[in-house]
Visitor: 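One structure, pasted below without further comment.
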Amino acid sequence: MDSALLVSFPNASVGGNGWRRGNLNKSFSIRVSRSRAWDILERYCGVGSQQYLLKHHTRNTKEKSAFYRRHGKRLLVNATAGHPLESEPGAYNSKSIRNSIKNAIDAFYRFSRPHTVIGTALSIISVSLLAVENLSDFSPVFFTGVLEAVVAALFMNIYIVGLNQLSDIDIDKVNKPYLPLASGEYSVGTGIMIVTSFLILSFWLGWVVGSWPLFWALFISFVLGTAYSINLPLLRWKRSAVVAAMCILAVRAVIVQLAFFLHMQIHVYKRPAAFSRPLIFATAFMSFFSVVIALFKDIPDIDGDKIFGIRSFTVRLGQKRVFWICISLLEMAYGVAVLVGASSGFLTSKCITVLGHAILASILWNRAKSVDLNSKAAITTFYMFIWKLFYAEYLLIPLVR
C-alpha cells in the first residue's frame, strides 16, 4: 500500500498513509510511492550502502519511514531545484563549475574586444610575410619570430582595450552596456588586475626576445594607448577627435607595418633594414584604413559621447556626414590599390590584387547604400563589416609585389 515520503522544511509532518503541510512559505512536500522512494534512496546512497539498507531497513515499515526522514533534506535539494530525486548531487556541482568557466571565458572574450585581437594578429602575420624573399625563409626561425611578435602584441592589445574600458565605464553603460566592466561582471579591481598583468607580460616577453624593433613597438603602443584613454591632466587624448585619430593611425598604420617588419628583417633574418615597395604600399593603405576606423568607431557611440563631452567628429559633424566620409576614404584607398596592383611586374600578383581590391570596393559600396543610419544596431553591424574588410586587406597585402 502507498505511503508518503515527506521531504520538507520544518512545520510539515507525516501521519498514517497521508501527508499534510503547514504554511506554504515554510514547508514543501512531495508524495511518492514507498517502493519507488526506497529504490531511489538505494541508488542515491550507492551500491556499498544498499547491503546495509537491506539489512537494517527492511524489517518493518516504521524503520523505513524513519530512514526516509533522515535523508529528506538531501532529497529536498533535488526536488526544490526541479531535478529528479534520484539525480546525483555531483552532477550539479560539475554543471555549476562548467557554467562558471563558460561565463568567465565569455566575459574575458568581450573584455578583450576580439575584433581588435584578430586585427592585430592578422596584421603582424601579414607584415611578417613581406620580409620573406624565398621559400627557404619559411624556417622554424621565421615561425618563432612571428609567434613572439604576435603574443607580445596581443598582450599589449588587451592592456590598451582594457584600460580604455576602465576609463570609460560610465560612457560604456550607455554605448556598450554588454562589456564586463559596464555590466558589473568585472569589478574595477578585477579590471586593473587584468590590464596590469597583461602589460607586465607584454614588456617581459618583448625584453626576453631581445628584439629592439619589437620592444619599441610595444613601448610606443603603450604610451599612445595610455595617453589615449587615461583621465589625467594633458592626457585622455580621445577627447580630441584629431589627436584620437592620430593615435590610432600611428599604431595601426605606422608601428604595426614598420616595427614588426623590422623585427623580422633585422632580428629574425639578420638582414639590413630595407623598405620595400609592398611595405610602403601597406603603410599608405593602412593609413587610410586606420583613419576610417578612428572615425567610424564613434558613429554608433554618439549618444554616450554627447553626454560625457567627448567631441568626436560624429558629435561635431553628424552621423550621416562622417559615415559617407569614411566610405569615400575607403573607396579612394581601394582605387589606389587597384592602380598599384596593375603596375606590378608579376602577373599573378597583378591579377589577384586588382581583382581582389575591385571586389572589396564593390561590396563596400553596395553594403553602404543599404545601411539604416537611424539604427544603432545597423551602424554597429556595418562597423564590424569594416573590420572584416580590414582583415581581408591583410590577406591581400603579402601578394602585392
Side-chain angles (χ1 to χ4, degrees), residues 104-124 149-203 205-206 217-232 235-239 243-253 255-256 260 286 289-290 292-301 304-305 308 310 312 380 383-384 386-388 390-391 394:
I105 292 173
D106 177 65
F108 183 75
Y109 176 82
R110 285 177 280 119
F111 181 80
S112 66
R113 309 296 280 148
H115 61 281
T116 66
V117 169
I118 296 170
T120 298
L122 273 179
S123 62
I124 294 172
V150 169
V151 174
L154 291 183
F155 287 163
M156 184 58 68
N157 189 94
I158 292 173
Y159 161 77
I160 291 172
V161 298
L163 180 66
N164 188 55
Q165 291 173 64
L166 282 169
S167 303
D168 285 357
I169 293 177
D170 291 334
I171 299 177
D172 286 340
K173 287 179 180 178
V174 178
N175 292 336
K176 305 179 185 78
Y178 55 86
L179 294 178
L181 284 165
S183 67
E185 292 173 80
Y186 282 176
S187 66
V188 173
T190 299
I192 292 173
M193 180 190 70
I194 292 174
V195 299
T196 303
S197 299
F198 278 95
L199 176 64
I200 294 171
L201 286 171
S202 180
F203 277 132
L205 184 56
L218 298 174
F219 180 76
I220 295 172
S221 298
F222 159 72
V223 171
L224 293 179
T226 303
Y228 176 87
S229 296
I230 198 166
N231 195 8
L232 292 175
L235 299 179
R236 195 159 173 79
W237 293 351
K238 68 182 298 179
R239 285 184 293 219
V243 178
M246 293 302 296
C247 285
I248 295 174
L249 185 149
V251 174
R252 289 285 175 190
I255 293 175
V256 168
F260 289 103
M286 284 305 166
F289 225 122
S290 298
V292 169
I293 288 175
L295 296 177
F296 206 101
K297 72 178 185 61
D298 294 326
I299 296 178
D301 294 344
D305 289 350
F308 292 95
I310 303 297
S312 65
T380 302
Y383 175 58
M384 290 296 105
I386 287 181
W387 273 96
K388 292 176 183 177
F390 183 83
Y391 306 153
Y394 272 117

Visitor: Which residue, Tyr159, Phe198, Phe155, Tyr228, forms the ring-ring contact (aromatic ring centres under 6.0 Å, His included) with Phe222?
Guide: Tyr159
Visitor: Look only at the side chain of Tyr391 and the backbone of His115, and say whether a donor-acceptor pair between them is shorter than 3.5 Å.
Guide: yes
Visitor: Compare every heavy atom of Phe390 with every heavy atom of Phe289, then report the nearest pair and how far apart it is.
Guide: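 Looking at all heavy atoms of both residues, the shortest contact is CZ-N, 3.4 Å.
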Visitor: From Ser183 OG over to Ile169 CD1, what is the distance, rounded to the nearest 0.5 angstrom?
Guide: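 Separation between the atoms: 10.5 Å.
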Visitor: So does Tyr109 have more than 12 non-hydrogen atoms from other groups sitting under 6.0 Å from OH?
Guide: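 Incorrect, the count does not exceed 12.
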Visitor: Do you know which of Asp301, Asp170, Asp168 makes salt bridge (charged side-chain N to carboxylate O under 4.0 Å, His left out) with Lys176?
Guide: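 When salt bridge (charged side-chain N to carboxylate O under 4.0 Å, His left out) is applied between Lys176 and each of Asp301, Asp170, Asp168, only Asp301 qualifies.
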Visitor: Could you walk me through whether Ile158 and Ser112 pass side chain to side chain contact (heavy atoms under 4.5 Å, CB included), step by step?
Guide: CA-CA 5 Å; Ile158 292 173; Ser112 66; 4.2 Å; yes
Visitor: Could you give the distance from OH (Tyr383) to CD1 (Ile386), rounded to the nearest 0.5 Å?
Guide: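 Atom-to-atom, Tyr383:OH and Ile386:CD1 are 8.5 Å apart.
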Visitor: Between Gln165 and Asp172, what is the shortest heavy-atom contact and its length?
Guide: CA-OD2, 4.0 Å
Visitor: Restricting to non-hydrogen atoms, name the atom on Leu205 and the atom on Ala152 that form the minimum distance, rounded to 0.1 Å.
Guide: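 Here Leu205 and Ala152 meet closest at CD2-N, 3.6 Å.
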Visitor: Measuring from atom CG of Leu181 to atom NZ of Lys173, what distance do you get when rounded to the nearest 0.5 angstrom?
Guide: 10.0 Å
Visitor: According to side-chain hydrogen bond (donor to acceptor under 3.5 Å, both in side chains), who are the partners of Asn164, at least two apart in sequence or on a separate chain?
Guide: Ser229, Lys238
Visitor: Please name all residues satisfying side-chain contact (heavy atoms from CB on, under 4.5 Å) with Ser187, sequence neighbours left out, ordered by chain then number.
Guide: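 If we apply the side-chain contact (heavy atoms from CB on, under 4.5 Å) test to Ser187, skipping adjacent residues, the hits are Thr190.
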Visitor: So, for Met156 and Leu199, which heavy atoms are closest and what is the spacing to 0.1 Å?
Guide: CE-CD1, 3.7 Å
Visitor: If you look only at pairs with a residue in residues 192-202, which of them pass as a side chain to side chain donor-acceptor pair (under 3.5 Å), with sequence neighbours excluded?
Guide: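 Of all non-adjacent pairs touching residues 192-202, none passes side chain to side chain donor-acceptor pair (under 3.5 Å).
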Visitor: To the nearest 0.5 angstrom, please state how far the CD1 atom of Ile230 sits from the CG atom of Leu163.
Guide: 5.5 Å
Visitor: Could you pull out the closest heavy-atom pair between Arg252 and Gly119, with the gap in Å?
Guide: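 Minimum heavy-atom contact is NH1-C, 3.9 Å.
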Visitor: Using modelled atom types only, decide if a donor and an acceptor are shared between the side chain of Asn175 and the backbone of Gly304 within a distance under 3.5 Å.
Guide: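 Indeed, once roles are kept as given, a pair shorter than 3.5 Å links the two residues.
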Visitor: If I compare all heavy atoms of Asp298 with all of Ala294, which pair ends up nearest, and what's the gap?
Guide: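 Minimum heavy-atom separation between Asp298 and Ala294: OD2-O, 3.5 Å.
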Visitor: Dump the intermediate steps for side chain to side chain contact (heavy atoms under 4.5 Å, CB included) on Thr226 and Leu235, then the final yes or no.
Guide: CA-CA 8 Å; Thr226 303; Leu235 299 179; 5.5 Å; no
